[in-house]
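Whatever order the structure lists ligands and atoms in, that order sets their numbers, starting from 1.
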Amino acid sequence: MSIVQGGRSVSAAARAAAIQLIARKSPVAVAAAPQPLPQLFGVNVFGLDQMRARLPESAYKALRSCMEHGQELDHALADLVANAMKEWAVERGATHFTHWFQPMTGSTAEKHDSFASLEGGKLILEFSGKALIKGEPDASSFPSGGLRATFEARGYTAWDPTSPAFLRETTNGSTLCIPTAFCSWTGEALDEKTPLLRSSEALSREAVRLLRLLGDERVQYVYTTLGCEQEYFLIDRDLYLLRPDLVATGRTLFGARPPKGQELEDHYFGSIQPRVLAFMQEAELELWKLGVPVKTRHNEVAPSQYEVAPIFERTTVAVDHNMLAMEVMKQVAQRHGFHCLLHEKPYAGINGSGKHNNWSMATDGGDNLLEPGTSPEQNMRFMVMLAAVMRAIDLHADLLRTTIAHAGNDHRLGANEAPPAILSIYLGEQLTDVVEALIAGTGRGSERKRDTMRLGVSVLPPLPRDATDRNRTSPFAFTGNKFEFRAVGASQACGRPNAVLNTIVADSLACIADEIERAKAQKGLEAAVNEVVVDLLKKHRRILFNGNGYSAAWHQEAEQRGLPSFRNAVDAIGNFGSRKNVELFERFGVLSAKEVESRMNIQFEAYSKAIAIEGQSALSLARTVILPAAQKSQLAVAQSVQAAKACGIDVKVQEKRLRELSARIEAFVGAIDDLTTQFEQAEHHAGAPADHARTYRDKVVPAMGRLREVADGLETMVDDADWPLPKYREILFLQ
Ligand code: ADP
Ligand code: MG
């Protein structure tokens, strides 16, 4: 039982009780013994197998064709599919369905509707094609960044048949969830899914055109692949409930450094604690049933930090699956007496959490376009793709940086633990040598380097893929046959980073195809490709960096190279709407100028709101929880000193200590007043969303930092028996 349900609020007594409860907790078993994994996997997904089994053959074929070509379903077909889906869901205990979508809140949304309908006074279950393909949730309370005036509040959700429907099983029933895109009535995207789908099409179109030019006659479409390594923290739920800052903001706004942090490096890959393992196993079970192919689990660097990674999938599906994974983990954690923290920086002084976004491109034939090949032709294709990515990141680092810009991630990027805020690409030594040799064109370089390389003729030297070669400080690293974008925050929906990656790479592919086409007429294909690739490598070589991304020297060097550095979210976000970026999004049909602007506004507003909530939480905790505890301690010490003095005892040193404690309390009250002033000014600051965000960053964030410093000092002086907030040493180590 939770102590907070027992009626106690945040207090030293509740903290002591929570700790006692933890000692009595043991791993929670799942209700039924799990089936073997192959039988279990995807049982809650209405996938191709179910469609084939439940639809007439002609309908199944028509549906697959619509899915492959992104066409709309006609009414008759939609009715057939909806009915089959409903029967499947009802057999499994579903009473309701919901369109499941990703508004620009960073999470998912759902509005349940039952299959119930009345016919002659009797209740029947039905699900029409119309209800399957289109929903009309009231959109007025979702962020639209000014896209949707309130008088046309309606938005609609439209089924995305490329992502299968699934069943969410909960304690008292099941709900059929239908992944959808979410748009305004005027057709503007109000979600993260729509631009991702549009960008996937753009990338496919440009990649196919380029591959055809390179001589691939079979390729029909190209898709990107994604595997998200998800980091997270677990905290015992009874301790969590006693931290109102964690509950409101996802991170601790106070907390002194514990005697032991992560310095012993004993948590990373350590043996997994039994209660934690029980949680992981149940979360995996749930996810497998939902067709999410989670594969690895381990302890991360910080105490009570973990990671889960799936087998990669098509990006549009992988993004949905990552959203599902985050939801499922949060829910399952509760059953195990934990809370799952996805915030980028729940605790100061120890590592934060990221989401490594492993990204590649594949053909319909299953070829990974970032796999260095064994033949000259494959190598040529690989180097073309590599050059395309280098160009994309170099030209559009500013845009990619916006996709990872939010209040939570500001604590990671640029701090000494996560990738720096400056985007650069790590290729590793061997591949860098290949690039240098191609640029040198003569094989001069150092002795280590190969002879002259010519694409289409030479074979690349084998590139080792072992882990020792990896540079953990790079924000964008080539890891053998994919790129790993490591600057994405743990809590983020990865729709946007991938939509932007797809778009900027599509732009490079288009540009390369144009240039090769032009040069080919004069020199033939092979020489043309060589020329174009070498030219690009030369132009964009400055984006390559294999060294330590955390070092101060790199910041200087990056500046000399002219690489942009946006130190915080507010500096970065404004680039989303630059003329260059609007033009790019429009050219590839990914976002219109209006859609770009609305997204940028939403991002600024989200930043301001996040900081405002933090400011308010900090103030309320400081005034009503920490200050009273400190004053209580002050009183006790003052009384003790006074009593001793009355007995004629020398208390000089104790008096000094009392003065020190009082001075800190004085400073604390001063810091509370300071934050109050800054917060009120920010709150009442009228201005554009960007101005507003800047005020929060420049006024409220530093004032919160000052307040915390004094509070953390008090934590080290106040009688432990009177301290109401669970301390880092408890939160991080008691499970
Ligand atoms: P690590 O990065 O720790 O070495 P792996 O290389 O095994 O781990 O993979 C990390 C993630 O990258 C996994 O989710 C994996 O499925 C994914 N991944 C592997 N190959 C690809 C690919 N071609 N495209 C996208 N993701 C991939
Ligand atoms: Mg990795």
Test item: side-chain donor near acceptor, Asn299 and Gln273, under 3.5 Å: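 No, Gln273 and Asn299 have no side-chain donor paired with an acceptor closer than 3.5 Å.
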Tyr306 and Phe338: aromatic ring centres closer than 6.0 Å?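 Centroid distance Tyr306-Phe338: not below 6.0 Å, so no.
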May I ask you to list the atoms of ligand 1 that are less than 4.0 angstrom from any heavy atom of [X]?
{"X": "Glu484", "answer": "2 (O)"}
{"X": "Pro310", "answer": "13 (C), 14 (O), 15 (C), 16 (O)"}
{"X": "Asn368", "answer": "23 (N)"}
{"X": "Thr225", "answer": "22 (C), 23 (N), 24 (N), 25 (C)"}

So which of Leu226, Asn358, Thr296 gets nearest to atom 17 (C) of ligand 1, if we judge by its closest heavy atom?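 Shortest heavy-atom distance from atom 17 (C) of ligand 1: Asn358.
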Tell me which one of Gln230, His356, Glu229 gets a heavy atom nearest to atom 3 (O) of ligand 1.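 Looking at heavy atoms only, the winner is Glu229.
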Run the side-chain contact (heavy atoms from CB on, under 4.5 Å) test against Pro274 and tell me which residues pass, sequence neighbours left out.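 Pro27.
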side-chain contact (heavy atoms from CB on, under 4.5 Å) with Arg297: which residues, sequence neighbours excluded?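 side-chain contact (heavy atoms from CB on, under 4.5 Å) check on Arg297 returns Ile272, Leu277, Met280, Gln281, Glu284.
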Can you find an N or O of Ala309 that's nearer than 3.5 Å to an N or O of ligand 1?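 Among all N and O atoms of Ala309, none is under 3.5 Å from an N or O of ligand 1.
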Please say whether Ile311 places an N or O atom under 3.5 Å from an N or O atom belonging to ligand 1.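 Between Ile311 and ligand 1, no N or O pair is found under 3.5 Å apart.
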Classify the ring geometry between Phe101 and Phe182 as parallel (under 30°), tilted (30 to 60°) or perpendicular (over 60°).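 Tilted: the ring planes of Phe101 and Phe182 meet at 30° to 60°.
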Is any side-chain N of the basic residue among Arg168 and Glu327 closer than 4.0 Å to the acidic one's carboxylate O?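 A salt bridge is present here (some side-chain N lies under 4.0 Å from a carboxylate O).
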Would Arg314 pass as a cation-pi partner of Tyr223, given that its NZ or CZ must be under 6.0 Å from the six-membered ring centre and within 45 degrees of the axis?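 Relative to the ring axis of Tyr223, which defines the angle, Arg314 lies inside both limits.
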Close approach, Thr479 and ligand 1, non-hydrogen under 4.0 angstrom: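 Per 4.0 Å heavy-atom rule, Thr479 does not contact ligand 1.
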